[in-house]
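Every chain is numbered from 1 and lettered A, B, ... according to where its sequence line falls, protein lines coming before strand lines.
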There are 2 protein chains.
Amino acid sequence: MIANAYYSHEMHEDFVLVSIGRLDLEEGGVLPDCRLAVRTWGRMNDAKDNVVLIPTWYSGTHQIWADAYVGPGHALDPERYFIVCVNQIGNGLSTSPHNTEDSSISMSRFPRVRIGDDVVAQERLMREHFGVERLALVVGGSMGAQQTYEWAVRFPKKVLRAAPIAGTAKNTPHDFLFTETLNEQIWSDPGWNGGEYASNTDVLDGLTRHAHLWGTMGFSTEFWKQQRWSDLGFSTQEAFLVDFLEPYFTAMDPNDLLTMAWKWQRGDVSRHTDGDLAAALGRITATTYVMPISEDMFFPVRDCAAEQALVPGSELRVIDDVSGHLGLFAVNAGFIPQVDRHLSDLLAVPRT
Amino acid sequence: MIANAYYSHEMHEDFVLVSIGRLDLEEGGVLPDCRLAVRTWGRMNDAKDNVVLIPTWYSGTHQIWADAYVGPGHALDPERYFIVCVNQIGNGLSTSPHNTEDSSISMSRFPRVRIGDDVVAQERLMREHFGVERLALVVGGSMGAQQTYEWAVRFPKKVLRAAPIAGTAKNTPHDFLFTETLNEQIWSDPGWNGGEYASNTDVLDGLTRHAHLWGTMGFSTEFWKQQRWSDLGFSTQEAFLVDFLEPYFTAMDPNDLLTMAWKWQRGDVSRHTDGDLAAALGRITATTYVMPISEDMFFPVRDCAAEQALVPGSELRVIDDVSGHLGLFAVNAGFIPQVDRHLSDLLAVPRT
């Protein structure tokens, strides 16, 4: 366990750690005491039919959902819904390489975790901790979309509505390679030391290069051309890099990022159906809106649309945003209103 | 000067080194004896009106033009045209950091070179060495497109036809950042040693990561999804990476790549017009076909189309290729026939 101020209550509001006990992992490892960092908003009604689950994305936590997506006036309105955001395993708030006190799994010894492990852990949390058997909605972006698909395929009776945003049910070859280039920035930093560094600051160079790769693949060519960083109050491209992208990623823990990346690279609901993606997505009974971002460089609309076509009764709802994938950060003022509109429509679809 | 077998006559057919003498550079440096590696095909006619000039792209040499673009049956037919491919300064064949015997400019001491310097050098070569004042066509891909635009803007009376393929007249902010991530792979390798390595193999790790970035930005998401590497005879994605992309880039010289990258990042014909791109492109009198590649991830069609709209009398001729930018390697069998068709049309336009 090493100290990292980023993963603190000061930086992340109002979450609680909930132990779900021992978690046996798909790849054979074990988390002896799996703790999930959970942020909730609103109250569960007596019928328990107003529960929304949000899994998190790579590098993300519940905080971005608190800052941009959840609140009065949004589709995800705590006045109407009991909203549960569960930080994914390895994200630095839930059980992760850098924060576990269990030396058998800390740092470089952290076991391999899959998207399916997260969803199994979340299902246990919802059932045992919250007493919830059915979800009005599962919604997540990027790796959160991977978990959303996994939920809808693995537990079809438990998911009434699903909204995978800017992500895929089966990771693409290009995304595997892109993620590997992110990993390589960390691995190639001598300070990483095979995962046995004393502080994330030892890996500053690698994390900085990692941030730069997000600059060119996470944001679109048009984002940079139109200088849309000015929407966020930055005066130059360089300032946006140095004062936004670099601090964001260099604050994080390298092993935590690598743990999430390994999961991301192998996300694939067709593991349930011997590789038959159509069969896996055909299991989904949730009312599903597939919501890619128009300018996403690595989850392009066509990849999401091809999967959407395999989900019975689903709709393709493209979010028009010039920012690209990291439009998920709500960079553009037009982004959240579109998300709200689509999620409001989806939540209005009658389901029992 | 260090040895590197890649930049040899064994690997590169039929080129000659032509000294154009001292070259004073835009940034203030000097190449005391600038030598250009030149490959020619065909013969100049008496009217000297059948001359085609080809500048090269980042990492490229004349060899890819010999292998894929020039020959009987192609638009660039040596039976009809006198075709001159000039390797850009710093590409490892022309005067470059690794191959100069002049210790005042070798390795880390190599001066900064701009696209304009290349074009000035090429104009001098054509005029003084070949006695050519006007070019029937300038055609190049990527950085070759940058040089093509520079030719057409700087020497409008000398260029009758221009075909910039998969490149821009003014480099985009995104491209600057992408290129910087390529550079960072080299700079971050301890073996690079500030540019004072003993062999390119000292920088194997950095060059390998550099190759991987080309994998995700140079080829398109769809290239990987459709497994188009199989068109080149590879049986797996991994084999394509390890047996094609990695050997291609790791054979090269790191300082040479950095020299080209610095140029690429700053390519901008509006340097001639105080930053007014419309004014610069408005100078062009060449009949110009702007030829982006449909799936290019970093020279997207819209960026090329926006420039094309500023070139008087020009046409946009999109090359439909799923490969992305590195479709330039003629990966897809459908690529070269499209290039040939467009160049044949262009060469058929009467000009005097």
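In plain terms, the two heavy atoms of B/Leu207 and B/Pro254 that are nearest each other are CD1-CG, 4.1 Å.
B/Phe219 CZ to A/Leu177 CG: the interatomic distance, rounded to the nearest 0.5 Å, is 11.0 Å. Note that CG of A/Leu328 is 7.0 Å distant from CD1 of A/Ile165, once rounded to the nearest 0.5 Å. How far CZ of B/Phe249 is from CG of B/Leu204: 14.5 Å, rounded to the nearest 0.5 Å.
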Here's a test: name every donor-acceptor pair under 3.5 Å between chain B and chain A, with the distance for each.
{"residue": "B/His174", "atom": "NE2", "partner": "A/Thr216", "partner atom": "O", "Å": "2.6"}
{"residue": "B/Glu184", "atom": "OE1", "partner": "A/His212", "partner atom": "ND1", "Å": "3.1"}
{"residue": "B/Glu184", "atom": "OE2", "partner": "A/His212", "partner atom": "ND1", "Å": "2.6"}
{"residue": "B/Gln185", "atom": "OE1", "partner": "A/Gln185", "partner atom": "NE2", "Å": "3.2"}
{"residue": "B/Gln185", "atom": "NE2", "partner": "A/Gln185", "partner atom": "OE1", "Å": "3.2"}
{"residue": "B/His212", "atom": "ND1", "partner": "A/Glu184", "partner atom": "OE1", "Å": "3.1"}
{"residue": "B/His212", "atom": "ND1", "partner": "A/Glu184", "partner atom": "OE2", "Å": "2.6"}
{"residue": "B/Thr216", "atom": "O", "partner": "A/His174", "partner atom": "NE2", "Å": "2.7"}
{"residue": "B/Glu222", "atom": "OE1", "partner": "A/Arg302", "partner atom": "NE", "Å": "3.1"}
{"residue": "B/Lys225", "atom": "NZ", "partner": "A/Asp303", "partner atom": "OD1", "Å": "2.7"}
{"residue": "B/Glu295", "atom": "OE1", "partner": "A/Arg302", "partner atom": "NH2", "Å": "2.7"}
{"residue": "B/Glu295", "atom": "OE2", "partner": "A/Arg302", "partner atom": "NH1", "Å": "2.8"}
{"residue": "B/Glu295", "atom": "OE2", "partner": "A/Arg302", "partner atom": "NH2", "Å": "3.4"}
{"residue": "B/Arg302", "atom": "NE", "partner": "A/Glu222", "partner atom": "OE1", "Å": "3.1"}
{"residue": "B/Arg302", "atom": "NH1", "partner": "A/Glu295", "partner atom": "OE2", "Å": "2.8"}
{"residue": "B/Arg302", "atom": "NH2", "partner": "A/Glu295", "partner atom": "OE1", "Å": "2.7"}
{"residue": "B/Arg302", "atom": "NH2", "partner": "A/Glu295", "partner atom": "OE2", "Å": "3.4"}
{"residue": "B/Asp303", "atom": "OD1", "partner": "A/Lys225", "partner atom": "NZ", "Å": "2.7"}

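Of the two parts of B/Ala211, neither the backbone nor the side chain holds a non-hydrogen atom closer than 4.5 Å to a non-hydrogen atom of chain A.
The shortest side-chain heavy-atom distance between B/Val331 and B/Phe223 falls under the 4.5 Å cut-off. Using a 4.5 Å heavy-atom cutoff, the side chains of B/Val269 and B/Ile284 are not in contact.
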